[in-house]
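Naming convention: chains lettered A, B, ... in sequence-line order (proteins, then strands); numbering from 1 in each chain. Heavy-atom basis, side chains included; hydrogens, waters and symmetry copies ignored.
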Amino acid sequence: MDPKIFNASTFDRSSPVTTSFFITFALRKIIMIMSIQLSEQEQFRRQALHELMDLGVDPYPAEGFAVNVIAREILDTFPGDNSLYQDVSLAGRIMGRRIMGSASFAVIQDDTARIQLYFNRDEICPGEDKTWYNTVFKRLLDIGDIIGVRGHVFTTQMGETTIHVKEFKILCKSLRPLPVVKEKEGKVFDAFTDPEQRYRNRYQDLIVNPHVKQVFRQRARMIESMRGYLLDAGYLEVETPVLQPIYGGAAARPFKTFHNTLNTTLYLRIADELYLKRLIVGGFDGVFEFAKDFRNEGMSRFHNPEFTMMELYVAYKDYLWMMDLVEEMVEKIAIDLHGTTKVQTGDHEIDFKRPWKRYTMYEAIEHFTGTDISEMDEASMRQFAEGIGIETDNTMGRGKLIDEIFGEKCEEHLIQPTFITDYPVEMSPLAKKHRSKPGLVERFEAICNGKEICNAFSELNDPIDQRARFEEQLELGKRGDTEAMVLDEDFLRAIETGMPPTAGLGIGIDRLAMIMTNSASIQDVLFFPQMRPEAASAAKTTGDDFIRAGIPEVWVPVLQQAGYPELNALQEANANKVFNQLCGLRKKMKLDIPAPKPEEVRSWVEKSKIS
RNA sequence: GACUUGGUAGCUCAGCAGGUAGAGCACAUCCCUUUUAAGGAUGGGGUCCUGGGUUCGAGCCCCAGCCAAGUCACCA
C-alpha cells in the first residue's frame, strides 16, 4: 500500500491544489449562495469541506481504498486469538466519536458491523505538526463521513475489541447530519423510527438501523433458496413482457401507458400467467419467473402498487402435485433461513414442517362456523351468510357468497400453514373444472398467518371452456366489475394449439418475506415502497428579474431569503427595512460580501416600482 | 374511501388554561492520554406541516387543505 495515501504527507502544504484553484473559487461562490437555505449544521459541514480543501486534502478522492478485512470478522475472531490482525486496513462510515484531548475513540461501520477505533495524537502525527489530528480528525471530520484506516487490533481496558489507528484517509465528506441512534446493552436510545422518514430516506434507515439491513439480506436469501430449489428441479427461468397490449392472468385493475412508435396503449402486467402458459404450449415442460407485477389498486400494509411474484408452470402435473411442491419448497426456505422449520412472526410461531393441514373450502367453513354449506342452494346460502353478519347483494352468486363466508369466518384464523382446496368456478376463470365435484375448480391457496401466500391450480387447457369463461368475465365487466378479465384472443389461439395438462403456481414473494423476516408491513420488506410524492417545495423563482433591474447577483438569494421572492415583492417594501434585513442576514450567514449601502437598497426598491 | 391519532431544532420528544418556544442527543468553542448511550464548561440552532378565521395576543381554539401511521372497507 502506498504510504503516501495516508498520514500527514497527504496534506503537505507545499503542494497546494493550484490547478483546481479557479474551480474551487467558483464552487465556493455557489456553495455560499446555496448555504443561505441550509441549516446551521449543514453549513458547518460545508465549511469543514473548504478547510479540508485549503489543507490540500481531497474530500472525494478518485482512487479506491484497499481493504483487507471486514469488521465482523475481527469482532468474531480476535477475542479468541490476540495475535491476529496486527496490520489491518478497513473502511467505513463514522458513526460516533468521543474526543478527549490527545486521545480519541470513534466508531466506524462497514457493511458487516460497527467497530471501535482508537486514535492517539502523537501516533497519527509523529512529527511536530499536529494538524492532521488536531484539525483534520478532531474538527473537520463528522459523524457520517467515510474514512479508511490502517492499524492493529487490540482490546481496551473496557474489554472492547478496537482498532488502534496509525493512519487514516478521508474517502468521503458527508454534508448532511445523520440521525444519531445510541445503544447500550441491547437498549436503543433515540431510535430513528418514523416510518415516513425511514421509507423516504431508506439510505439513512439502512445506515442507522442495522436490523433493517438484515431483513433485506434475509429476503435475498429467501429468493436465492427458492430459485435454487426450482433450478435443481430442472425448470427454466424465463422473462416475459412487462409492457403488454392486453393485460390478463388475474383480476385487478392495471396501470396504463402509451408507446409512441406503435401509437398504442400498453398496460403494465398484473400477472405473467398467460405468457408462461404460452411457453408451455411451446414445449417447455417447466418454466418459472420472478416477476414484478403492477396493480392499480389500494395501498395498505399488505399491498404495494408494484410487488414481486414467482410464478411456476409445470406440464403433465396437477394441483395435488403442486401442493406437495409448495410444502417442500417453503419448508426448505424456512430451514435455509432459520435452520429450523419454525419461524417466529408477530405473536405466533409458525411451523412450516410438512405435511401442512389441508381443508377443502367447504370443510374449512364447516370447521369454523359449524355449518355444512356444500349442499345449500344460492338462496339458503345467502340467508346463512346474512345470519352470520355478512352483507350481501343480488349481484353475488353462489361462488362469491362462499368466498365471502370464507374470507369473513376462516382466513384470519388460519395461522399455521394450511391448504384450502376446491374453489367455486365463478372465482377462477383460468382453472380447470374439478375432476369429481361439479361447480368447483381444482385450485388451492396456502394460507399462513391469516393471509394468502400462494394460489395455484390445475390449469384450464380446454380452449372451448376457456373461451366461455372469458366471455363470462366480459359480462361481469359490462355489469361494472372493474376487475373482470378481458378476452385475450392471442392467448386463446395458443390454447387452441394445445397445452398439455399443467399445474400452475403463483407465490407472493413480499408476503412470504414478511413472514420469514417477521415484518408487520410490506413496506418493511421493500427497499423503496411507493409513497405519495412529497409536496413540491414552493417553486423557486430564478431571480432573473432582480438581475435585469440591475441588482447584483450576490444579493438575489439574500433578498429571496429575506422574504422577497421576486422583484415585484420589493415594490411595497420599506427601503430602510430591506437594508436592515440584508445586513442582518449578511451577519447571520457570515456572508463574505461587503454590506450594501442604504442608497443602493433604496435605488433597488425604486427600480422595482418602475418595472 | 371512512374513522382515529399524529406533524414543534439534524434526530427522539416535551410544551398549555391562549401570554417571550423547551429537554436529551447531535452541532460549535475551550479544557482533558484507553472512553462505553454519557468526561467537564459555555454557546448557537425553529416556516411549531400549509392557508384562512377567532382573539389585544395562536404551537395550542375553529374551518379548509397536505402528509403519515393505525383500524376498517376495497383488494380472485
Query - Met361(A) versus Ile420(A), closest heavy-atom pair with distance - result: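 Smallest heavy-atom distance, with atoms named: CA-CG2, 3.9 Å.
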Partner of [N] by Watson-Crick or G-U wobble geometry, both contacts under 3.5 Å, or none?
N	answer
G19(B)	C56(B)
A68(B)	U5(B)
C25(B)	G10(B)
G46(B)	none
A38(B)	none

Report the nucleotide, chosen from [options], that has the shortest atom-to-atom distance to any side-chain atom of [X].
X	options	result
Glu196(A)	C11(B), A68(B), C32(B)	A68(B)
Met158(A)	U12(B), U36(B), C32(B)	U36(B)
Phe105(A)	U33(B), U35(B), A68(B)	U35(B)

Does Arg97(A) qualify as a cation-pi partner of Phe137(A), given the criterion of NZ or CZ under 6.0 Å from the six-membered ring centre and within 45 degrees of its axis?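 Flagged: Arg97(A) positioned over aromatic ring of Phe137(A).
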* Asked: When you measure from the centre of the six-membered ring of Phe302(A), is the NZ or CZ of Lys451(A) under 6.0 Å away and within 45° of the axis?
  ->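 Verdict for Phe302(A): a cation-pi partner in Lys451(A).
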I'd like the [atom1] distance from [M] over to [N], given in whole Å.
N	M	atom1	answer
A41(B)	G52(B)	P	45 Å
G44(B)	G22(B)	P	12 Å
U55(B)	C49(B)	P	23 Å
A38(B)	A28(B)	P	16 Å
A58(B)	G18(B)	P	13 Å
G65(B)	A9(B)	P	25 Å
U35(B)	G40(B)	P	15 Å
C56(B)	G1(B)	C1'	43 Å

Note to self: Between Ile115(A) and Ile108(A), is there a side-chain heavy-atom distance shorter than 4.5 Å?
What the structure shows: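 A side-chain contact exists here, since the closest heavy-atom pair is under 4.5 Å.
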Worksheet item: Below 4.5 Å, heavy atoms only, C-beta onward: do Ile163(A) and Arg150(A) meet side chain to side chain?
Response: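 A side-chain contact is absent here, since even the closest heavy-atom pair is not under 4.5 Å.
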Can you name the residues that form a side chain to side chain contact (heavy atoms under 4.5 Å, CB included) with Lys432(A), not counting sequence neighbours?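 In terms of side chain to side chain contact (heavy atoms under 4.5 Å, CB included), with neighbours along the sequence ignored, Lys432(A) is linked to Ser458(A), Asn461(A), Pro501(A).
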Please state how far atom [atom1] in [X] lies from atom [atom2] in [N], giving the value in whole angstrom units.
X	N	atom1	atom2	result
Arg46(A)	G45(B)	CZ	P	20 Å
Gln530(A)	A68(B)	CD	C1'	15 Å
Asn296(A)	C74(B)	CG	P	19 Å

Pick base, sugar-phosphate or nothing for [X], based on heavy-atom distances below 4.0 Å to the nucleic acid.
X	value
Tyr118(A)	base
Arg301(A)	sugar-phosphate
Ser428(A)	nothing
Gln157(A)	base
Phe154(A)	base
Ala191(A)	sugar-phosphate

It should be established whether Arg98(A) places a side-chain nitrogen or oxygen under 4.0 Å from OP1 or OP2 of nucleotide A38(B).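 The answer is yes; a side-chain N or O of Arg98(A) sits under 4.0 Å from OP1 or OP2.
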- Message: With a cut-off of less than 4.0 Å, is there a side-chain N or O of Gln197(A) near OP1 or OP2 of A68(B)?
- Response: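 No, because none of the side-chain N or O atoms of Gln197(A) sits under 4.0 Å from OP1 or OP2 of A68(B).
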Partners passing ring pair (Phe, Tyr, Trp, His ring centres under 6.0 Å) against [X] (at least two apart in sequence or in another chain):
X	result
His164(A)	Tyr118(A), His152(A), Phe154(A)
Phe527(A)	Phe216(A)
Phe470(A)	none
His413(A)	Phe368(A)

With distance as the sole criterion, do the side chain of Gln116(A) and the base of U35(B) form a donor-acceptor contact below 3.5 Å?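 Answer yes: a donor N or O sits under 3.5 Å from an acceptor.
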Look at the side chain of Thr193(A) and the base of U12(B), then say whether one donor and one acceptor between them are separated by less than 3.5 Å.
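Counting by modelled atom types and ignoring angles, no donor-acceptor contact under 3.5 Å is found here.
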Can you pull out the residues from residues 443-458 of chain A that lie within a 4.0 Å heavy-atom distance of RNA chain B?
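Of all residues in residues 443-458 of chain A, the ones placing a heavy atom under 4.0 Å from RNA chain B are Arg443(A), Asn455(A).
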| task | Can you sort out the partners of Glu442(A) under salt bridge (charged side-chain N to carboxylate O under 4.0 Å, His left out), two or more places apart, ordered by chain and number? | result |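 Salt bridge (charged side-chain N to carboxylate O under 4.0 Å, His left out) check on Glu442(A) returns Arg435(A).
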Nucleotide by nucleotide, nucleotides 25-31 of chain B touches protein heavy atoms under 4.0 Å in the pattern (B base, S sugar-phosphate only, - none) SBSSS--
Q: Sequence neighbours left out, what pairs pass salt bridge (Lys or Arg N to Asp or Glu O under 4.0 Å) with at least one residue falling in residues 295-305 of chain A?
A: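 For residues 295-305 of chain A, and leaving out neighbouring residues, there are no salt bridge (Lys or Arg N to Asp or Glu O under 4.0 Å) pairs at all.
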- [ ] Specify the residue among Thr162(A) and Met427(A) whose closest nucleotide of RNA chain B lies further upstream toward the 5′ end.
- [x]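 By nearest-heavy-atom nucleotide position, the 5'-most residue is Thr162(A).
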